[in-house]
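Take a look at the structure set out below.
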Amino acid sequence: MSVACDQLIQHDVPLAERTWFKLGGTAQNFCAPKDIEELRAALKWAADSGATIRVLGGGANLLVRDGSVDGLVLSLERPGFCHIEIDDASEMDVAHVRVGAGVDLMTLSRDCSHRGLAGLECLAGIPGTIGGAIAMNAGGRFGCIGDVVERVRLIDTKGVIVDCDAQVMQFGYRRSSLGGRLVIGAVLKLRQEAAADVKKRFQDNWRFKKESQPLAAHSAGCVFKNPEGHSAGQLIDAAGLKGFGRGKARVSEVHGNFIVADEGACASEVLDVIEHVRGAVESHCGIKLDTEIAIW
Ligand code: EPU
């Protein structure tokens with residue numbers, strides 16, 4: 001059945017509330033498909049109109065510029081992409097968790113840990129959706145999502161669905177190989193352990209994150225990638241940049257790799273802080289930092 005695109009695609013949709021920074025402009029074209037058929041129709045609309053496709057995950061690692069974002073912004077937030085099915089009966093001590101791309105990672109890692117399904121507790125407190133987490137191999141000091149991915153379901157821009165084994169995804173430091181396709185779901189392989197043990201590890205990891213990062217402020221998490229052998233936060237701190245600000249955006253006093261934005265901040269202020277930090281760190285130690293966050 002064909003899907004009417006005039007109802008499917010919305011125009012000038014504000015994105016600020018959909019990001020953790022809580023700032024930025026609008027999407028010229030926006031679609032939150034309810035199922036695969038609507039997603040295929042949206043992809044076809046984008047192909048026919050030559051629109052670049054951008055997928056909005058949890059908006060946790062994203063800075064949206066102040067104006068209008070062109071192309072098509074897709075969000076897999078509706079129930080058709082947010083299923084969670086746990087199979088903990090067919091293999092000893094293992095649980096296969098089939099999830100949609102729109103599932104919230106923080107909720108999933110907490111719920112699995114509380115049920116004694118181990119493997120996601122290393123991601124305690126990391127925001128975002130499963131789709132976004134897989135696309136950038138989200139993680140931290142204790143591990144990354146690629147470590148527990150068994151298979152990923154992808155859709156290409158023509159609407160063809162393929163299932164890829166984890167090896168094909170080439171998970172690396174904050175990267176994976178999607179080959180221009182979109183993540184629509186995944187199967188995670190977790191271990192069954194005593195619930196109290198997994199829950200304790202989850203809580204310890206969560207506490208560590210809360211103590212070392214400004215989680216209550218509006219930010220996009222770590223802004224820069226860690227250069228090999230260094231911590232970007234430490235380099236920014238050593239360059240004396242904590243607290244450096246422009247307008248309502250500033251380098252966090254808690255963790256140097258976070259830029260926090262007060263209410264009323266605009267994206268250009270965050271971008272100014274990013275460029276100042278990049279230049280000042282390079283002058284201080286000769287290392288040029290690359291951004292980890294997506295900038296639309
Ligand atoms: N440090 C400082 N000053 C700072 C920040 C850090 O001296 O302002 C020092 C710390 O004391 C520590 C070292 O730098 O000795 C490393 O810091 P941390 O443990 O906070 O880790 P990180 O390398 O800065 C990475 C990830 C984080 C993740 C943490 C913890 C990157 C770019 N960042 O940070 O991920 O939460 O490990 O697992 O890989 C994110 O991706 O958004 C993110 C926050």
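One-based numbering, in listed order, for ligands and for the atoms of each. Throughout, numbering of the chain's residues begins at 1 and tracks the sequence.
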Report, in ascending order of atom number, the atoms of ligand 1 lying under 4.0 Å from any heavy atom of [X].
X: F224; answer: 32 (C)
X: R141; answer: 18 (P), 19 (O), 30 (C), 37 (O), 38 (O)
X: G140; answer: 28 (C), 38 (O)
X: F258; answer: 44 (C)
X: N226; answer: 22 (P), 23 (O), 31 (C), 32 (C), 39 (O)
X: E292; answer: 31 (C), 32 (C), 40 (C), 41 (O), 42 (O)
X: G221; answer: 42 (O)
X: Y173; answer: 31 (C), 32 (C), 39 (O)

Taking atom NZ of K44 as the centre, does the number of heavy atoms from other residues, nucleotides or ligands within less than 6.0 Å exceed 12?
no
Is it the case that more than 12 heavy atoms not belonging to R153 sit under 6.0 Å from its CZ atom?
no
Heavy-atom distance under 4.5 Å between the side chains of [X] and [Y], does that happen here?
X: L123; Y: L108; answer: no
X: V198; Y: E193; answer: yes
X: K22; Y: E17; answer: yes
X: H255; Y: P214; answer: yes
X: L56; Y: E77; answer: no

Return the CZ to NZ distance between R250 and K242, rounded to the nearest 0.5 Å.
13.0 Å
Starting from [atom], find the nearest protein heavy-atom neighbour and note its residue, name and distance.
atom: atom 8 (O) of ligand 1; answer: G256 N, 2.7 Å
atom: atom 14 (O) of ligand 1; answer: S231 OG, 3.3 Å
atom: atom 20 (O) of ligand 1; answer: H255 NE2, 2.8 Å
atom: atom 26 (C) of ligand 1; answer: R174 NH2, 3.9 Å

Using only atom types and a distance under 3.5 Å, with no angle test, would you say the side chain of T26 pairs donor to acceptor with the backbone of S68?
no
Would you confirm whether R174, through its side chain, and G139, through its main-chain N or O, come within 3.5 Å as a donor-acceptor pair?
yes
Does ligand 1 come near enough to [X] that some N or O of the ligand is less than 3.5 Å from an N or O of the residue?
X: S212; result: no
X: V254; result: no
X: D237; result: yes
X: N257; result: no
X: C222; result: yes

Option of least heavy-atom distance to atom 36 (O) of ligand 1 (set: Q213, K242, E253):
Q213
Under the side chain to side chain donor-acceptor pair (under 3.5 Å) rule, what pairs show up with a residue in residues 128-151, not counting sequence neighbours?
H96-E150
Does atom 16 (C) of ligand 1 have any protein heavy atom closer than 4.0 Å?
yes
Is there a protein heavy atom less than 4.0 Å away from atom 11 (O) of ligand 1?
no
Hydrophobic cluster mates of I287, side-chain heavy atoms under 4.5 angstrom, ILVMFWY only, any path?
F21, L23, L63, V223, F224, L235, I236, L241, F244, V251, I259, V270, L271, V273, I274, V277, V281, L289, I293, I295
